[in-house]
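Accompanying notes for the structure given below.
Positions are given from 1, in the same order as the sequence printed here. All heavy atoms count here, side chains included; hydrogens, waters and symmetry mates do not.
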Amino acid sequence: MRKVTCTAPVNIAVIKYWGKRNEELILPINSSLSVTLHQDQLKTTTSIAASREFTEDRIWLNGKEDDINHPRLQSCLREIRRLARKRRNSGSEDGISRILNDKVHICSINNFPTAAGLASSAAGYACLVYSLAKLYGVEGELSEIARQGSGSACRSMYGGFVQWLMGEREDGKDSLAQQVEVETHWPELRILILVASAEKKHVGSTAGMQTSVETSPLLKFRAASVVSGRMAEMIESIRKKDFESFGQLTMKDSNQFHATCLDTFPPIFYLNQVSQQIISLVHRYNTHYGQTKVAYSFDAGPNAVIFMLEPTVNEFVEVVKRSFPPASNGDLFIKGLPVSPAPLSQELTSAIEGDMCPGGVRYVIVTRPGPGPVQSQDPSLDLLGADGLPKPST
Ligand code: DP6
């Protein structure tokens with residue numbers, strides 16, 4: 001049996017991807033840019049085994065067997081196996097041909113609760129593609145394949161700051177992710193995820209963006225006239241580590257994405273009352289300081305992602321606790337990187353005064369930019385046992 005285990009990160013877009021020009025190949029209508037989050041806090045782990053003994057390809061996700069015939073999963077499997085065959089035919093293989101006809105068992109888990117509504121498909125598909133590539137000894141550009149699992153997954157193939165160039169070709173060969181800066185480029189940058197109390201299941205990204213492409217004139221305008229300028233500005237502000245400009249663009253782009261959702265017919269609402277209170281809190285906080293100290297971004301759900309520089313973390317966490325007093329259910333409210341208590345000045349307290357919403361934020365994850373996918377050398381992380389089936393704990 002040949003076996004590999006790899007981990008891959010979550011990414012958060014600061015210039016959003018929303019809308020495809022080709023559904024099957026997952027080609028976007030605009031380029032996008034994201035920050036890869038650190039795997040110490042959020043990651044997917046995937047083990048894949050290939051064996052002559054296996055009678056069929058199988059997959060287990062977060063402890064439950066899932067449908068291996070999912071078309072996007074099949075695209076990734078097919079594309080990696082195609083590359084592995086090509087490599088074998090060119091003579092540069094090492095024992096790969098022996099496993100190319102073997103079936104695979106795939107087992108994948110997230111170290112963060114899926115119930116929290118944090119997008120897991122990006123880390124999931126990035127991890128699947130990276131692990132398959134390691135299994136079959138495939139090297140080179142893999143973001144094109146990860147993209148075919150889930151668009152945003154192509155950006156999780158790199159660490160740090162990553163752009164996904166929309167490309168022009170119809171076959172998608174130039175629709176790729178590229179690292180803009182490495183994860184150590186901006187060491188002071190911190191990211192807080194405010195997990196909002198979820199109410200109901202919202203419209204998934206795939207279906208949501210499809211309706212937006214069909215019905216929203218604002219989305220067309222955004223893709224044609226807004227994004228390319230913002231991409232250039234965003235890259236510039238990251239290169240210069242200019243938080244003022246980075247933060248403003250991040251908030252404006254999140255807002256425009258949600259505006260296109262409202263412009264979709266029938267409209268899609270991802271932000272709830274808690275999200276709106278967070279937006280207003282961030283603006284009150286920044287107004288108090290007369291500068292952009294914190295910046296929000298929201299994806300296809302109510303959770304807020306807040307960017308800031310390290311010296312702001314302690315105080316802003318205190319501000320969040322004040323506006324969203326934690327429900328005293330004994331659960332840890334702050335997870336991830338350590339946070340220390342910080343006193344709030346009288347002026348700040350009155351500046352941020354607004355609606356209080358006890359329990360509105362379930363918990364906060366404190367993290368920072370991190371590296372791309374890695375192969376694990378630690379056998380204790382292996383999710384598949386010697387029999388090729390998920391270990392009991394997974
Ligand atoms: C709002 O990548 O989940 O998070 O390509 O259909 O799988 P599919 O969609 P997905 O969409 C992500 C949308 C977003 C913005 C972003 O990550 O850029």
Side-chain angles (χ1 to χ4, degrees), residues 10 12 14 16 37 41-42 112-119 190-203 208 247-248 250-259 261-262 267-289 292-308 312-367:
V10 168
I12 298 294
V14 288
K16 304 288 185 194
L37 305 187
Q41 282 74 45
L42 300 151
F112 51 94
T114 337
L118 296 170
R190 294 290 178 275
I191 302 127
L192 268 54
I193 301 171
L194 275 49
V195 178
S197 304
E199 310 135 1
K200 53 174 188 233
K201 183 120 182 67
H202 49 80
V203 182
Q248 290 220 4
T250 295
M251 293 189 278
K252 287 178 184 169
D253 205 70
S254 171
N255 292 342
Q256 188 171 79
F257 155 50
H258 291 279
C261 290
L262 189 61
I268 307 169
F269 305 94
Y270 287 124
L271 306 178
N272 65 13
Q273 205 189 336
V274 172
S275 326
Q276 284 162 21
Q277 281 171 1
I278 295 168
I279 291 175
S280 123
L281 182 66
V282 163
H283 285 293
R284 280 195 300 252
Y285 186 81
N286 288 340
T287 303
H288 171 74
Y289 282 106
T292 304
K293 288 187 58 109
V294 290
Y296 53 76
S297 183
F298 295 84
D299 281 338
N303 295 331
V305 177
I306 317 276
F307 294 87
M308 68 195 68
T312 307
V313 172
N314 291 343
E315 185 179 86
F316 192 74
V317 165
E318 213 68 58
V319 164
V320 170
K321 277 188 184 160
R322 208 189 140 78
S323 303
F324 303 95
S328 52
N329 55 7
D331 286 357
L332 208 57
F333 188 66
I334 309 292
K335 304 174 196 241
L337 295 173
V339 174
S340 310
L344 300 185
S345 71
Q346 192 57 53
E347 296 78 45
L348 177 59
T349 317
S350 35
I352 58 159
E353 220 56 80
D355 298 339
M356 298 237 283
C357 182
V361 172
R362 266 165 54 208
Y363 58 89
V364 178
I365 305 171
V366 184
T367 185

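We find the OG1-CD1 distance between Thr367 and Ile191 to be 6.0 Å, quoted to the nearest 0.5 Å. A distance of 15.0 Å separates NZ of Lys293 from CD1 of Ile306, quoted to the nearest 0.5 Å. Taken to the nearest 0.5 Å, the CG atom of Leu281 stands 11.0 Å off from the CZ atom of Arg322. Gln276 CD to Cys357 SG: the interatomic distance, rounded to the nearest 0.5 Å, is 11.5 Å. Between Asn255 atom CG and Leu271 atom CG the span is 8.0 Å, to the nearest 0.5 Å. To the nearest 0.5 Å, the span separating CZ on Phe324 from CZ on Arg362 amounts to 14.5 Å.
Under the 4.5 Å side-chain criterion, counting only non-hydrogen atoms from C-beta, Leu337 is in contact with Gln41. With a 4.5 Å cut-off on side-chain heavy atoms, Val203 and Phe269 do not count as touching.
No donor-acceptor pair under 3.5 Å is formed between the side chain of Ser323 and the backbone N or O of Val320. With hydrogens and angles ignored, the 3.5 Å screen pairs a side-chain donor or acceptor of Asn303 with a backbone N or O of Ala196.
Closest of all the heavy-atom pairs between Met308 and Val313 is SD-CA, 3.7 Å. Annotation for His258 and Phe298: closest pair NE2-O, 2.9 Å, computed over non-hydrogen atoms. Pairing each heavy atom of Ser297 with each of Thr250, the nearest pair is CB-CG2, 3.9 Å. Across every non-hydrogen atom of Val274 and Gly360, the tightest pair is CG1-O, 3.5 Å. The shortest heavy-atom contact between Lys16 and Asp253 is N-OD2, 2.7 Å. In this structure, Ala342 and Glu318 approach most closely via the heavy-atom pair N-OE1, 2.9 Å.
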- Message: Working note: Tyr296 + His283, criterion side-chain contact (heavy atoms from CB on, under 4.5 Å); need CA distance, chi angles, decisive distance, verdict.
- Response: CA-CA 9 Å; Tyr296 53 76; His283 285 293; 2.7 Å; yes
- For side-chain contact (heavy atoms from CB on, under 4.5 Å), just list the numbers for Thr312 and Arg190, CA-CA rounded to whole Å, side-chain angles, deciding distance to a tenth of an Å, and then say yes or no. CA-CA 9 Å; Thr312 307; Arg190 294 290 178 275; over 6 Å; no
- Message: I'd like to know whether Val305 forms a side-chain contact (heavy atoms from CB on, under 4.5 Å) with Leu37, so could you lay out the CA-CA distance, the side-chain angles of the two residues, the decisive distance to 0.1 Å, and finally the verdict.
- Response: CA-CA 11 Å; Val305 177; Leu37 305 187; 5.7 Å; no
- Does the side-chain contact (heavy atoms from CB on, under 4.5 Å) test come out yes or no for Ile279 and Met251, once each step is laid out? CA-CA 9 Å; Ile279 291 175; Met251 293 189 278; over 6 Å; no
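For the side chain to side chain contact (heavy atoms under 4.5 Å, CB included) with Ile193, the lone residue among Val361, Leu42, Val364 that qualifies is Leu42.
Aromatic ring centres of Tyr285 and Phe316: separated by under 6.0 Å.
Under a cutoff of 6.0 Å and an axis angle of 45°, Lys335 and Tyr363 form a cation-pi pair.
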